[in-house]
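All remarks here apply to the structure that follows.
As a basis for the values below, the full set of heavy atoms in this structure was taken, side chains included, without hydrogen atoms, waters or symmetry mates. Every chain is numbered from 1, with letters handed out A, B, ... down the list of sequences.
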Amino acid sequence: MPEGPSIVILKDAVKMFTGQKIIAVTGNSKIDQQRLLNNKIIAFKSWGKHFLICFKDFTVRIHFLLFGSYLVNEKKDRPVRLGLTFKTGEINFYACAIRIIEEDINAVYDWSADVMNDEWDEKKAITKLKKLPGLMVCDALLTQEIFAGVGNIIKNEVLYRICVHPESKTGKLPAAKMNALVKQARVYSFEFLEWKKNYELKKHWLAHTKKTCHRCELPLIKKITGVKKRRSFYCEHCQLLYDK
DNA sequence: TATAATGTTTGAAC
DNA sequence: AGTTCAAACATTAT
C-alpha cells in the first residue's frame, strides 16, 4: 500500500467527503475517536507516506506501514482500525498506525521535502544530501526528511534508471548524478502514480524483483544494502559505484 | 504452507 | 547520552 503516489490516489478517492461531517466513528484505534464525531473535515492532505485528515483544531495522521489498507464504501473481513461514516458514504482503514497531531501541520511538515508536493524543492534536497556525504544513496532515498514518499520500489527503480549503484556515497556522486537522483525521485514517483492508477505498476518495473538487466542481459544482483537493510536490485555492470 | 515483503516506532543493549 | 539493533505490528501474494 505505501509509497507516496499511493497516498495521492487515496486523497483522490476520498475527496468527495471534504467538508462533510463525520456522523459515526468505529474501529480499534486507540486515538480519542469521540473527538472526530460530529466534526467536519476541512481537507485531506498528504506528506510523503502520511495521509492527513484535517479538522479545525487538529489533524489525524494515518500511516499504512507495510500492510495497511483502506476501502471506500466497502468493508473487508479484518478488524477495522478506524471507520468514518458520512451522510453519503464511509471510509474504512485497516492495519495502519494512527495518531492525532495537535500542532499546526504547517509547523510539523516540511512540504518541500515531499516528492509528490508542488512545493518539492530539488535544491533543498541537494543541500540536505551534501550535509550527509557518507550516506549511501540507497539509504538517502529512503530518508523521509529528504525524499518523503519514496519507498523501496521507487528507490530501486530510480537508481537503476540513473545507473548509480545503491552503495554509492552521496558525497562521491558526480554533480550530474546528484542532479539526476533528485530529479528522478520526483519524475519516477509521478510515473508510478499513473501506472498505479492504471493497475499496471509491476509491468513497468525494470529492476525491483527482476532477475536480468535489460540493458546488458547480465543477472541483476539482489542484496540487502545500507543501514536501513532493505533489499536492492541492481546491475553491477550498468550501475556505477561511486564511493571513492 | 511457509516465507517474504511497497515501513516505522519503540525500547533494550551497547 | 548518543547510537545501534532487534522486536513488534499486521496482511497477503507467491
Does a side-chain heavy-atom distance below 4.5 Å link F64(A) with I62(A)? yes
Of K76(A) and V227(A), whose nearest nucleotide on DNA chain C comes first from the 5' end? V227(A)
Against the side chain of R99(A), the closest entry in dG7(B), dT6(B), dT10(B) is dT10(B)
With a 4.0 Å limit, can you tell me whether R230(A) has a side-chain N or O closer than that to the phosphate oxygens OP1/OP2 of dA5(B)? no
As a test of reading the structure: which of dG7(B), dT6(B), dC5(C) is closest to the side chain of F192(A), going by heavy atoms? dT6(B)
Of K202(A) and R81(A), the one whose closest DNA chain C nucleotide lies more 5': R81(A)
With both distances kept under 3.5 Å, what pairs with dT6(B), Watson-Crick or G-U wobble? none
Is it true that E3(A) and K49(A) have a side-chain N and a carboxylate O under 4.0 angstrom from each other? no
Would you please confirm or rule out a distance under 4.0 Å between OP1 or OP2 of dG7(B) and any side-chain N or O of H63(A)? no
What do you reckon, are the aromatic ring centroids of Y160(A) and H214(A) less than 6.0 Å apart? yes
Under 4.0 Å between any heavy atoms, over every strand shown, what does K30(A) touch: base, sugar-phosphate, or nothing? Just pick one. nothing
Within the 3.5 Å criterion, strictly below it, is a donor on T212(A) or E217(A) matched to an acceptor on the partner's side chain? no
